[in-house]
Amino acid sequence: MRIIRVEIYCIDVPLIWKKDNPHGPEDSLSEVLVRIMTDDGLDGWGETGGRVSFFGEGQADIAITIETVLAPAILGENPLNIEGICQKMQRVIPGHNSAKAAIDFAVYDLVGKYLGQPVYNLLGGRVHQRIPCGWSLFWKPLPMMLEDAQKAVELGYKAVKLKIGSQDWRSDLRNLRELRLILPSNYPLRVDANEGYSRIEAFKVLRLMEEYDLQLIEQPLPRWDLEGTANLRTGLNTPVMLDESIFSIRDAITATTAQACDIINVKPHRLGGLRWSAKLAAVAEALGIPIFASGKMSTSLGSAACAHLAAAMHNTKFEAEFAVGVRAIKEDIVRNPLVIEDGYIELSGAAGIGLEVDLAVVNRLLKCPPVIINA
Ligand SMILES: [Mg+2]
């Protein structure tokens, strides 16, 4: 079995509401879909997306990286050689993890279909039958944010995350106080500053925020500031999770060695796919650090890839956060969207990622003609 064709689709998926946080506003998801095809007629799909200020990669450069570097590197390869494909992608271009993730997801989908197994079985098996999910509250006027939180609780989500890190930390603190008041008692509440605070702001505001019983504090300082984050941790009782600081296993080791991290956010799009994420989960296990199952906001296709990982990793703690996009998009691109019921995701057990891409919808959302690369 050989990979003989790679197709690249750039689509914009409108959101029901505008997403806003320290990385800036977005009213649609700028996604890149990759379809890999083999000489025996099988195909696999992967979804990744651009977010330049977060990943350092945008839709256009992801597409061009896949077209000019990654697709030529994997043509002719046997998709069963997942590790070999991941290593080859590392050799031909450093970084560009979002682009690599799309290929990795598509290869896993294809191999799962070939073997008649869901992707979680390729990752070690399903240790979590049902995955509890959290909801993310983006920047909005306070009444709307509180309404969203109420809705998330009613829908059965098991935790909420408030985006903080704004220019005005006092308004962040006020939002948190108001939010805690309307949540059921002991309801898990977490905050994510997305690198938005300076050391001085973070020292002040996070200690005040701890009064509202935070489950965890995510990425309080800029990604490079491990020393500041380590200092911050010494004055806090709440665990600190790193997201933007960790693009590789090496980054995770550096951050934990620097005493800057209690929890690692595992976002497969940021780490280059499922293979690298599973390796990071094993390293985190050895470091004694729990992992947090996450993912870039995506349609069902990208979210489900992350769900397979979350189902297979025994050391995922906390309510997962890879499926926020599924309820935020105006229209999904698959015929059988990911189902979130009472705040849980239970994968169907279908082969591969388990979803059927609706090409008619994909073609309607296309930003430019698809790019086809044949062997
Ligand atoms: Mg984050």
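When a ligand or atom number is given, it counts from 1 through the structure's own listing order.
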Closest D243 atom to the Mg ion (ligand 1) [N, O or S only]: OD2
Plane angle bin for W17 and W135 - parallel if under 30°, tilted between 30 and 60°, otherwise perpendicular: perpendicular
Aromatic ring pairing F55/F247, orientation class (parallel under 30°, perpendicular over 60°, tilted between): perpendicular
Salt-bridge contact R51-E26 (side-chain N to carboxylate O under 4.0 Å): yes
Minimum-distance N/O/S atom that E218 presents toward the Mg ion (ligand 1): OE2
Atom name of the N, O or S atom in D192 that lies nearest to the Mg ion (ligand 1): OD2
Over-ring placement of K204 relative to W169, 6.0 Å and 45° cut-offs: no
